[in-house]
Amino acid sequence: MGKMPSALESDLSYRNLIHQVTSRDVFDQISNGGMSAYAGFDPTSNSLHVGHLLPLLTLRRLQENGVRPIVVAGGGTGMIGDPSGKSAERNLLEPDLLASNLRAIEAQLGRLLDFDSPNLSTRAVLVDNSSWLSGLSLLEFLRDVGKHFSVSQMIAKDSVKLRLERSQGGISYTEFSYMLLQAYDFAWLYDNYNCKIQIGASDQWGNITMGIELIRRLRGAESWGITIPLLTQGDGTKFGKTESGSVWLDASKTSPYELYQFFLNTSDADIGQLMKYFSFQTPEGIEELIKLTASEPEARRAQRALAGEVVEMVHGTESLSSAKRISESLFSTSIDRLSEKELNEAFGNAPSSKISMGLLAGPGISLLEIMAQSGLEKSLSSARRTVTQGGAYVNNQKQTDPELVIDSSYLLCNRYLVLRKGKKTFHVVTFA
RNA sequence: GGGUCGGUGUCCGAGUGGCCAAAGGAAGCAGACUGUAAAUCUGCCGGCUCAGCCUACGGGGGUUCGAAUCCCUCCCGGCCCA
């Protein structure tokens with residue numbers, strides 16, 4: 001046979017986005033048009049994080065190739081919890097928390113996928129599986145869905161097996177049922193949106209194939225699954241986690257500046273693959289940047305390009321330029337020469353806190369106390385440690401005396417104090 | 001319901017009467033080297049009025065000069081049996 005792969009298939013292959021696929025035929029189907037593909041996620045938080053980006057951007061790549069993306073928020077299954085990749089039983093989500101999470105996430109999705117396309121056949125849609133799961137009766141479910149699966153088959157799934165093999169923990173019946181609900185989701189989407197493709201991270205393979213199986217049994221129809229790689233960082237840890245927690249897409253949880261820095265700090269070893277995963281540049285452009293990384297790594301051209309692209313996509317052009325300006329002033333120029341306007345620009349999104357001006361009056365307030373109160377350090381003890389170890393800076397000037405007392409003469413523009421811990425952790429204290 | 005094993009610091013995990021703020025590992029923080037990278041090395045890694053003191057080993061009570069370690073009780077979890 002040896003057909004030429006479609007443009008989409010070769011692009012996804014180039015980017016290593018295809019971990020497994022039930023059948024390569026799916027790309028022919030896509031070329032023929034009229035297909036929908038869905039990816040689901042659990043709305044366990046009020047924001048998406050960078051880890052969610054990969055499946056969503058993969059949907060976007062499909063959308064650009066004529067596929068209609070369906071994002072399924074697991075409002076119903078979110079109350080259950082997917083055992084895949086989890087070592088422990090999930091806490092169940094409260095319904096009202098779930099609802100508010102969904103509202104917040106909806107806004108973010110609009111930046112990643114086209115929900116306003118005039119072309120109905122490719123316009124993205126967001127659906128919440130609680131809209132069909134919550135009305136499903138147990139008897140109905142057991143009769144229509146449960147009877148199609150054998151327990152021995154379900155127990156054999158890796159996600160379940162791993163949990164059963166653990167000497168402690170086990171798996172509850174609730175979580176055990178998760179895969180059936182996800183299978184039911186797929187079947188429901190098949191019936192209601194004519195959706196025949198599901199994509200997900202590689203740990204979703206088992207759940208996806210169960211959905212395909214269910215559709216075959218229920219409707220005698222074919223459907224497809226594509227899994228994408230599970231993102232890890234160079235050291236094998238989960239992608240998108242930093243010392244301060246997850247890297248969120250919500251600007252109030254992770255500022256555009258921090259998001260920019262997150263990608264800018266990608267290691268040389270990882271940047272090539274990350275470009276392929278996240279960037280919408282052409283393969284030629286990406287290869288060029290990879291070459292530049294090899295020849296002059298210290299310039300970090302690829303890192304800058306990727307950071308810029310992601311921040312612009314998630315937060316817009318304005319936020320990107322402000323993120324770049326902040327980076328400039330923090331790492332390239334001396335901050336005590338900045339005007340108040342520039343300071344605001346630079347630190348508007350940086351972690352900040354307010355401390356009463358009154359504390360500065362008279363003898364002043366100790367640096368340690370400011371560091372602890374501002375939240376830069378969690379206790380006086382750890383503030384003392386940082387100062388003693390030479391990791392503390394006030395207005396970019398190293399301070400090594402733990403007894404240092406700060407008075408109003410330290411203030412920038414009469415009210416700001418820029419604290420820095422180590423090389424990259426900044427914190428602005430505003431006195432009022 | 002019965003039996004049994006277990007609940008230790010951010011996590012994993014030693015410790016079974018004093019030498020325990022508690023081994024070891026991971027994560028994290030700072031420093032050095034660099035490129036705001038990786039790797040490596042060094043130090044730190046409960047709190048405080050910081051070379052001393054306070055609070056801690058699931059909760060409560062008890063034994064003891066002294067308990068994470070022993071006893072009682074309660075709570076929670078694993079496994080096995082019913």
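Here the structure is a predicted model, which means the values were calculated and not measured.
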Side chains of A/Gln198 and A/Gln204, donor plus acceptor under 3.5 Å: no

Measure [atom1]/[X] against [atom2]/[N] and give the value in whole Å, please.
X        : N     : atom1 : atom2 : result
A/Glu377 : B/C29 : CD    : P     : 11 Å
A/Lys378 : B/G46 : NZ    : C1'   : 7 Å
A/Asp270 : B/A39 : CG    : C1'   : 13 Å
A/Leu274 : B/A38 : CG    : C1'   : 14 Å

Could you work out the separation of [N] and [M] based on their [atom1] atoms and round it to a whole Å?
N     : M     : atom1 : value
B/G15 : B/G66 : P     : 26 Å
B/C75 : B/G61 : C1'   : 14 Å
B/U8  : B/C76 : C1'   : 15 Å
B/A21 : B/G52 : C1'   : 14 Å
B/C20 : B/G24 : C1'   : 15 Å
B/G46 : B/U42 : C1'   : 23 Å
B/U10 : B/G59 : P     : 13 Å
B/G13 : B/G58 : P     : 15 Å

Watson-Crick or G-U pairs under 3.5 Å in RNA chain B, rendered as dot-bracket with [ ] for crossing pairs and | for another strand: ((((((((.[[[..)..(.....]]].(((((.......))))).(((...)))...[[[[[..)....]]]]]))))))).

With the sugar-phosphate defined as primed atoms, P, OP1 and OP2, and the base as all remaining atoms, what B/S/- string results for nucleotides 30-37 of chain B, 5' to 3', for protein heavy atoms under 4.0 Å? SS-BBBBB

Hey, is the main chain of A/Tyr277 close enough, under 3.5 Å, to the side chain of A/Asn16 for a donor-acceptor pair? no

Using a 3.5 Å distance criterion without hydrogens, assess whether the side chain of A/Arg111 forms a donor-acceptor pair with backbone atoms of A/Met313. yes

Kindly indicate whether the side chain of A/Ser379 and the base of B/C48 share any N or O donor-acceptor pair separated by less than 3.5 Å? no

So does A/Arg385 pair up with A/Glu377, basic N to acidic O under 4.0 Å? no

Charged N-O contact under 4.0 Å between A/Lys324 and A/Glu328: no

Centres of the A/Tyr416 and A/Phe431 rings: under 6.0 Å? no

If you count the non-hydrogen atoms of other residues, nucleotides and ligands that lie under 6.0 Å from CD in A/Gln397, is the total more than 12? no

In terms of the angle between their ring planes, are A/Trp188 and A/Trp132 parallel, tilted or perpendicular, with boundaries placed at 30° and 60°? parallel

Give the minimum heavy-atom separation between A/Pro229 and A/His19, together with the two atoms involved. N-CB, 3.8 Å

